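Computed from heavy atoms alone, side chains included, the values below leave out hydrogens, waters and symmetry copies. On a predicted model such as this, the values are computed, not experimentally measured, just so you know.
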Amino acid sequence: MDSAEARGGLGPVVVGTDGSAPAGVAVLWAAEEAARRDRPLTVVSALGSDETRYVGPEGLQELLQDADRCLRHTVDLVTARYPDLAVDTVLSRGDPADSVLEAAGATGTAVVGSRGLGGFSGLLLGSVGLRAAARARGPLVVVHRVPEPERGVVVAAARDDGDRDALRFAARSALARGAALRVVSAWMFLEGVGSMVPMVDDVAAVAADEAGATRRTVRPLREEFPQLEITEQTVRTRSTGGALVTASEDADLLVLGARRPTHRFRAPFGGVTHAVLHHAQCPVAVIHDG
């Protein structure tokens with residue numbers, strides 16, 4: 001499989017901007033990602049109901065003009081660096097999170113900065129935005145820090161076969177970047193559990209079982225992407241989130257699979273995903289399990 005075929009599994013890129021510096025970092029990362037994929041980039045600016053609720057017609061017109069100027073300035077920055085990249089814009093009066101997700105649809109990759117002005121920061125750090133992110137039908141990438149220079153490694157977290165979509169996204173992303181893929185499986189072994197200790201035969205045996213499970217999960221990926229350099233890392237840890245944050249330190253992208261909650265009132269992301277989103281040293285892609 002060549003890189004062009006790998007890019008065929010990666011859709012267009014959609015990024016939200018509010019004119020803030022963190023959003024600008026996300027925009028340039030998204031533009032480079034779109035260029036790698038040979039896919040178009042859509043830049044979204046949304047006012048949000050909080051901004052428009054108490055303004056009259058003149059105030060609304062001023063907000064729309066400011067947002068339009070922000071979009072035009074952003075497009076100028078992108079095209080100056082990527083002159084051959086097709087760039088579209090969306091100016092929305094709706095919720096920023098929903099506007100980005102709607103523009104991305106089922107096939108696009110939504111990209112946001114981890115912090116910023118207005119509603120885009122809430123996509124990951126606020127409860128309303130988190131609920132919106134739970135409805136994402138495609139990949140969601142949070143750009144907090146961008147490693148420079150690039151490390152040539154994409155890291156994917158693996159637990160079981162439920163992460164197959166996340167692993168395939170990571171593999172395609174690695175091929176498009178000309179990078180290697182490292183699949184990390186973190187397992188927790190409890191120490192000092194009193195009467196439970198004699199029930200554990202041997203830590204080494206447990207580690208071997210975990211490594212074997214990781215190999216079985218990764219095997220179909222090796223068959224589907226034979227040209228991709230794939231390594232496996234099984235990590236014994238007291239904190240899965242901490243292990244993945246450590247793994248992000250020498251990665252260009254960290255890919256996580258996220259299980260959708262079975263109960264509608266539960267938080268859309270678990271503690272591990274929250275920890276990684278806040279502390280990872282590279283952009284993080286969250287792939288829902290469908």
Side-chain angles (χ1 to χ4, degrees), residues 3 7 10-46 66-92 96-97 99-101 103-104 108-125 129 133 136 138-155 169-170 172-179 248-255 277-286:
S3 58
R7 289 195 299 270
L10 296 172
V13 181
V14 177
V15 61
T17 185
D18 52 18
S20 66
V25 173
V27 166
L28 290 180
W29 185 92
E32 185 167 1
E33 184 69 12
R36 283 193 182 102
R37 299 180 181 189
D38 193 22
R39 295 290 187 265
L41 173 71
T42 298
V43 183
V44 179
S45 182
D66 288 343
D68 182 65
R69 282 193 292 268
C70 174
L71 281 174
R72 286 188 280 111
H73 176 68
T74 300
V75 171
D76 288 343
L77 290 176
V78 169
T79 54
R81 184 172 297 192
Y82 305 97
D84 296 328
L85 181 62
V87 184
D88 194 10
T89 61
V90 173
L91 177 56
S92 171
S99 298
V100 172
L101 297 177
T109 296
V111 180
V112 294
S114 63
R115 303 178 193 278
L117 304 173
F120 288 108
S121 60
L123 181 58
L124 292 155
L125 303 180
L140 176 70
V141 179
V142 188
V143 180
H144 182 39
R145 295 180 179 89
V146 179
E148 292 184 2
E150 292 186 343
R151 282 75 181 271
V153 176
V154 172
V155 169
F169 178 87
R172 290 190 175 109
S173 297
L175 279 174
R177 292 169 172 272
S248 74
E249 292 176 356
D250 61 350
D252 296 316
L253 178 68
L254 174 60
V255 182
L277 287 173
H278 280 83
H279 301 293
Q281 302 300 302
C282 67
V284 179
V286 179

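- Using a 4.5 Å heavy-atom threshold, the side chains of Val286 and Leu277 count as touching.
- Sorted by first and then second residue, the salt bridge (charged side-chain N to carboxylate O under 4.0 Å, His left out) pairs involving residues 76-90 (not counting sequence neighbours) form an empty list.
- Not counting sequence neighbours, Arg151 has no partner by the salt bridge (charged side-chain N to carboxylate O under 4.0 Å, His left out) test.
- Expressed to the nearest 0.5 Å, how far CZ of Arg145 lies from NE2 of His279 amounts to 9.0 Å.
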* **Worked verdict on Val27 versus Leu77 for side-chain contact (heavy atoms from CB on, under 4.5 Å)** => CA-CA 9 Å; Val27 166; Leu77 290 176; over 6 Å; no

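- Closest approach of Val44 to Leu71, counting heavy atoms only: C-CD2, 4.2 Å.
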* Asked: Taking it one step at a time, do Val15 and Thr74 satisfy side-chain contact (heavy atoms from CB on, under 4.5 Å)?
  -> CA-CA 11 Å; Val15 61; Thr74 300; over 6 Å; no

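- The salt bridge (charged side-chain N to carboxylate O under 4.0 Å, His left out) check on Arg72 picks up Asp68, with sequence neighbours excluded.
- Partners of Ala110 by side-chain contact (heavy atoms from CB on, under 4.5 Å), not counting sequence neighbours, listed by chain and number: Val100, Leu101, Ala104, Leu140.
- Between Val255 and Ala170 the shortest heavy-atom distance is CG2-CB, 3.7 Å.
- Judged purely by atom type and a 3.5 angstrom limit, Thr17 has no side-chain atom pairing as donor or acceptor with the backbone of Ala23.
- Scanning for side-chain hydrogen bond (donor to acceptor under 3.5 Å, both in side chains) contacts around Ser99 gives Ser92, with sequence neighbours left out.
- Within the 4.5 Å cutoff, no side-chain heavy atoms of Asp250 are placed close to those of Val153.
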* Asked: side-chain contact (heavy atoms from CB on, under 4.5 Å) between Leu253 and Trp29: does it pass, once the steps are laid out?
  -> CA-CA 11 Å; Leu253 178 68; Trp29 185 92; 4.2 Å; yes

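- By the side-chain contact (heavy atoms from CB on, under 4.5 Å) test, Glu150 is found to be paired with Glu32, Arg36, Arg177, Asp252, residues two or more places apart in sequence or in another chain being considered.
- Between Ala26 and Gly113, the shortest heavy-atom distance links the atoms CB-N, 3.5 Å.
- When the side-chain contact (heavy atoms from CB on, under 4.5 Å) test is applied to Thr109, the partners found at least two apart in sequence or on another chain are Arg37, Val111, Pro139, Val141, Phe169.
- Under the side-chain contact (heavy atoms from CB on, under 4.5 Å) criterion, Ala31 pairs with Leu41, Val78, Tyr82, Leu85, sequence neighbours left out.
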* Would you please test Ser173 and Leu10 for side-chain contact (heavy atoms from CB on, under 4.5 Å) and show each step? => CA-CA 8 Å; Ser173 297; Leu10 296 172; 4.2 Å; yes

